[in-house]
Amino acid sequence: MKKITIAIDGYSSTGKSTIAKQLAKALGYVYVDTGAMYRAVTLYAIRKGFVSETSEHFTKLIAALPSVNLKFVYNEELGFSEMFLNDENVEKEIRTLAVSKLVSKVAAVKEVRTKLVEMQKEMGKEKGVVMDGRDIGSVVFPDAEFKVFMTASPETRAHRRYKELLDKGESVTYEDVLLNVRSRDYIDSNRKESPLIIAKDAIEFDNSDMGLIEQFERMHNYALRIIKG
Ligand code: DC
């Protein structure tokens, strides 16, 4: 069967990674979470003191980029890949609200995007990949055969994210999470470098009121139709 590239873009906490993982599993494709890559660079920048809520030293971050080594390592037990930053498993740390609060700033840095987009193109060059992010259908794989743009209301997304963070034992308020969702939407959509846009040939998918099973079945059918041509 022919292999295609599946690009899943959209706002934060729209469930992109859930659907992308399910699709990759069903099709036997590789799943790449590009948000994890931007989060890992952000964690690096936080640790080095290159970014905080009140300061930005992006010239230093750019100079240090060659020593930021990222890789995904497949965890057989969990059934998905984990993010490694300079050989350290940072999968848990990159999902904290502390990183979420600063990641949009770091993801707006041109040199960071150039480095990560290049890695993403390399990872998907054989096709048979489901990649999720913000600019996959517009910049990384403009020729992807199947492009999806996921949306849901900010409140629905904040509720999902709030629940996830509570389940992980983080002490956060719903208001703080909603604020973060709105502020990331704003920065991601208004930045100069590859802003979050709906690629013109993407299908828009609002899952505010849709269950996971229905969502998966619809996307899977779409993908199969394209694959079978
Ligand atoms: O998908 P996520 O919430 O884990 O992504 C984290 C941040 O990274 C998000 O606020 C925007 C940025 N991002 C990006 O700019 N481009 C991508 N391809 C993926 C993520």
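Index from 1, following the sequence. All ligand and atom numbering here is 1-based and tracks the order in the structure.
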>> I'd like to check which ligand 1 atoms, numbered from 1 as shown, lie under 4.0 Å from a non-hydrogen atom of Gly133.
In response: 17 (C), 18 (N), 19 (C)
>> Strictly distance-based, threshold 3.5 Å: is any side-chain N or O of Ser189 a donor or acceptor partner for the main-chain N or O of Asp185?
In response: yes
> Does Arg47 count as lying over the ring of Tyr44, i.e. NZ or CZ under 6.0 Å from the six-ring centre, within 45 degrees of the axis?
Replying inline: no
> Where is the nearest protein heavy atom to atom 19 (C) of ligand 1: which residue, which atom, and how far?
Replying inline: Thr34 OG1, 3.3 Å
> Considering only heavy atoms, does Lys101 approach ligand 1 within less than 4.0 Å through its side chain, its backbone, both, or neither?
Replying inline: neither
> To which protein heavy atom is atom 16 (N) of ligand 1 closest, and what is the distance rounded to 0.1 Å?
Replying inline: Arg113 NH2, 3.0 Å
>> In the structure I gave you, are the side-chain heavy atoms of Val30 and Val130 within less than 4.5 Å of one another anywhere?
In response: no
> Is a side-chain N or O of Asp201 found less than 3.5 angstrom from the main chain of Lys147, in a donor-acceptor match?
Replying inline: no
> Hey, does the side chain of Lys105 reach the backbone of Ser52 with a donor-acceptor pair shorter than 3.5 angstrom?
Replying inline: yes
> Without hydrogens or angle criteria, can the side chains of Asn180 and Ser100 be said to hold a donor-acceptor pair below 3.5 Å?
Replying inline: no
> With a cut-off of 4.0 Å, which atoms of ligand 1 are near a heavy atom of Asp188?
Replying inline: 9 (C), 10 (O), 11 (C)
> Of the choices Ser183, Gly35, Ser17, Ser100, which has the non-hydrogen atom that lies closest to atom 20 (C) of ligand 1?
Replying inline: Gly35
> Which of the atoms of ligand 1 are close to Ser104, meaning less than 4.0 Å from one of its heavy atoms?
Replying inline: 10 (O)
> Counting each atom of ligand 1 from 1 as listed, which ones have a heavy atom of Tyr38 under 4.0 Å away?
Replying inline: 8 (O), 13 (N), 14 (C), 16 (N), 17 (C), 18 (N), 19 (C), 20 (C)
> Side chain or backbone of Gln120 under 4.0 Å from ligand 1, or both, or neither, by non-hydrogen atoms?
Replying inline: neither
> Given that the side chain starts at C-beta and the backbone is N, CA, C, O, which of these parts of Met37 lies under 4.0 Å from ligand 1, counting heavy atoms, or is it both or neither?
Replying inline: neither
>> Can you see whether Tyr31 has Lys25 sitting over its ring - NZ or CZ less than 6.0 Å from the centre and within 45° of the normal?
In response: no
> Among protein heavy atoms, which lies nearest atom 3 (O) of ligand 1, and at what distance?
Replying inline: Arg184 NH1, 2.9 Å
>> Students should be able to answer this: which protein heavy-atom is nearest to atom 4 (O) of ligand 1, and at what distance?
In response: Arg39 NE, 2.7 Å
>> Using only atom types and a distance under 3.5 Å, with no angle test, would you say the side chain of Asn207 pairs donor to acceptor with the backbone of Met210?
In response: no
> atom 9 (C) of ligand 1: which protein heavy atom is closest, and how many Å away?
Replying inline: Arg134 NH2, 3.2 Å
> In terms of atom number and element, which parts of ligand 1 are under 4.0 angstrom from non-hydrogen atoms of Ala107?
Replying inline: 12 (C), 15 (O)
> So Tyr174 and Tyr162, would you call those rings parallel, tilted or perpendicular, with 30° and 60° as cut-offs?
Replying inline: perpendicular
